[in-house]
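Letters go in sequence order (proteins before strands), and every chain restarts at 1.
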Number of protein chains: 2
Amino acid sequence: MTRKTAEAPAKERLSRERIVDNALALADAEGLDAVTIRRLAQDQGVTPMALYWHFKDKDRLLDGIAERLLSDVVMPSEGPDARPWDEQFRDLLVALLQVLRAHPATAHLVMTRIMLSEPGLNLTERALGLLSVAGFSREQATQVASHALASMVILVTTEPGRPEASDTAEREQRMRTKKASLQVLPPEQYPNVVASADAFVQCSSEPYFELGVDLLIAGIRGVSATL
Amino acid sequence: MTRKTAEAPAKERLSRERIVDNALALADAEGLDAVTIRRLAQDQGVTPMALYWHFKDKDRLLDGIAERLLSDVVMPSEGPDARPWDEQFRDLLVALLQVLRAHPATAHLVMTRIMLSEPGLNLTERALGLLSVAGFSREQATQVASHALASMVILVTTEPGRPEASDTAEREQRMRTKKASLQVLPPEQYPNVVASADAFVQCSSEPYFELGVDLLIAGIRGVSATL
DNA sequence: ACCTGAACACCGTTCAAGT
DNA sequence: ACCTGAACACCGTTCAAGT
């Protein structure tokens with residue numbers, strides 16, 4: 001339980017790829033706030049300015065992380081698919097959700113960055129195609145696609161009881177504190193909140209994510225039926 | 001077009017309220033990144049450390065902003081309401097959406113902070129009540145309520161063409177640049193993306209937000225029908 | 001009760017220079 | 001092409017002290 005992260009001496013040269021690797025690993029382990037130019041440099045045994053040869057600024061590095069996430073999405077295979085559009089759309093969402101769930105601390109980075117990378121463009125192209133089959137106009141399809149992506153992100157980032165890059169001990173403590181603060185509320189004024197104290201503080205992941213996807217798909221289906 | 005924000009000499013004393021006022025106004029004008037302990041102090045003609053008497057740290061100040069937003073929500077009046085739960089739920093969402101739209105730069109602050117203030121608790125209590133009428137279990141109602149709140153937030157923060165606290169001139173330039181970068185893509189590979197270039201870069205707000213709310217309500221209604 | 005002064009340990013980034 | 005050194009202009013925050 002030492003506070004320092006174990007760092008390999010990192011003999012090998014720097015590269016965009018290596019830098020993104022480390023940034024992502026660091027974010028996974030300690031949260032995005034720990035991802036700092038200076039910290040990354042230190043972990044690589046290099047001067048902070050060394051990174052600026054590979055990335056114009058920190059924002060481009062974050063772009064790189066987002067691109068990495070998106071390139072990790074394993075898309076449903078191309079080609080004709082006889083199934084209804086909503087089933088295909090769901091597969092797309094789930095594929096995206098898988099990688100976001102693996103990297104909750106960086107998931108939100110993709111929201112503003114999908115159109116900046118090839119894998120993001122591919123994902124978007126597929127989504128737009130399916131939504132136009134569903135009967136949406138260009139404008140609506142675009143908005144629904146954006147919203148669908150964003151929904152997967154917030155599903156991951158707002159999961160009740162999600163470990164916020166802290167160790168398990170103090171995380172459980174925070175959960176208990178929060179739960180207690182809800183249970184202590186006047187039950188005649190907040191009966192539902194008090195009764196939901198548990199659910200606000202933790203949940204079982206699989207049903208949670210399934211509900212989230214169901215909600216979105218049902219919404220799209222519902223709206224498409226009124227077109 | 002001077003670069004300095006015009007600051008009243010601010011003769012009056014400091015207070016939590018005044019600080020939050022200024023922080024919110026500053027965020028609205030220049031984005032949340034501009035909201036800095038030091039900057040706020042300077043604008044009030046006071047030393048940075050003066051703020052620490054009123055707020056334990058910056059995070060508590062952000063809590064204060066979130067609470068302010070939530071207290072600005074004008075809730076549909078209490079008391080028995082004969083209308084179906086989904087109409088009532090929609091009113092709740094729209095009420096929240098109104099204030100989030102007025103403060104896009106700070107909207108996301110409420111996502112993790114609803115349960116920390118009385119207005120947030122009231123909003124949540126009402127939402128949970130309606131969802132339990134709709135037939136959801138405690139766990140599901142809690143998750144749906146959280147997701148609904150978060151959806152309103154991302155609707156606001158990811159609106160295409162949303163002004164990111166920059167002046168109109170360079171904002172239009174960025175939009176043109178982004179649009180051009182999409183239109184230049186190979187149309188045989190990304191037909192839908194290219195055709196949607198316009199829609200990714202701007203939209204008319206009212207239909208956009210209505211679609212967003214429709215999507216969510218339709219989703220909840222759809223899922224509730226399968227219970 | 002309310003605010004100041006000085007200091008600490010951080011940031012991202014520029015610019016000129018080394019190999 | 002790839003990296004270093006020194007410096008700049010910022011952060012949030014602590015701690016002791018003033019009124």
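Under a 3.5 Å cut-off, the side chain of B/R18 and the backbone N or O of B/R13 do form a donor-acceptor pair. Side-chain N or O atoms of A/R162 include one that pairs as donor or acceptor with a backbone N or O of A/T157 at under 3.5 Å. Side chain of A/R113 to backbone of A/G64: no donor-acceptor contact under 3.5 angstrom is found. In this structure a side-chain-to-backbone donor-acceptor pair under 3.5 Å is present from A/K58 to A/V35.
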Provide a list of protein-nucleic acid N or O atom pairs under 3.5 angstrom, restricted to nucleotides 17-19 of chain C.
none

Protein-nucleic acid N or O pairs under 3.5 Å, nucleotides 1-5 of chain D:
| unit_1 | atom_1 | unit_2 | atom_2 | d |
| --- | --- | --- | --- | --- |
| D/dC3 | OP2 | A/H54 | NE2 | 2.8 |
| D/dT4 | OP2 | A/T47 | N | 2.8 |

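For the pair A/R39 and A/E30, the salt-bridge criterion is met [side-chain N within less than 4.0 Å of a carboxylate O]. Electrostatic pairing of B/R126 and B/D91 does not count as a salt bridge here, judged by no charged N lying under 4.0 Å from a carboxylate O.
DNA chain D forms stems at C:4-8 with D:12-16, C:12-16 with D:4-8, each a run of 3 or more consecutive Watson-Crick or G-U wobble pairs whose two key distances fall under 3.5 Å.
Rounded to an integer number of Å, the gap from A/L40 CG to C/dT13 P is 12 Å. If you measure from atom CZ of A/R38 to atom P of D/dA6, you get 13 Å, rounded to the nearest angstrom. Atom pair B/L51:CG and D/dG12:C1' shows a separation of 11 Å (rounding to whole Å applied). One interatomic measurement links the two molecules: CD1 of B/I37 to P of D/dT13, which rounds to 6 Å at whole-angstrom precision.
Surrounding CG of B/D33 are at most 12 heavy atoms belonging to other residues, nucleotides or ligands under 6.0 Å away. More than 12 heavy atoms of other residues, nucleotides or ligands sit less than 6.0 Å from atom CD of A/Q173. Remark: A/E17 CD is loosely packed, at most 12 non-hydrogen atoms of other residues, nucleotides or ligands lying under 6.0 Å away.
A/R60 meets the salt bridge (charged side-chain N to carboxylate O under 4.0 Å, His left out) test with A/D63; sequence neighbours excluded. Remark: B/E206 engages B/R101 in a side chain to side chain donor-acceptor pair (under 3.5 Å) (not counting sequence neighbours).
DNA chain D lies under 4.0 Å from at least one heavy atom of each of the following residues of residues 55-69 of chain B: B/D57, B/K58.
Put simply, B/T36 has a side-chain N or O that comes within less than 4.0 Å of OP1 or OP2 on D/dG12.
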Please determine whether side chain to side chain contact (heavy atoms under 4.5 Å, CB included) holds for the pair B/L116 and B/E67, giving the CA-CA distance in whole Å, both sets of side-chain angles, and the decisive distance to 0.1 Å.
CA-CA 8 Å; B/L116 297 183; B/E67 176 164 9; over 6 Å; no
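With B/S196 as the fixed residue, the side-chain hydrogen bond (donor to acceptor under 3.5 Å, both in side chains) test singles out one of A/E139, A/Q143, A/E125, A/R138: A/R138.
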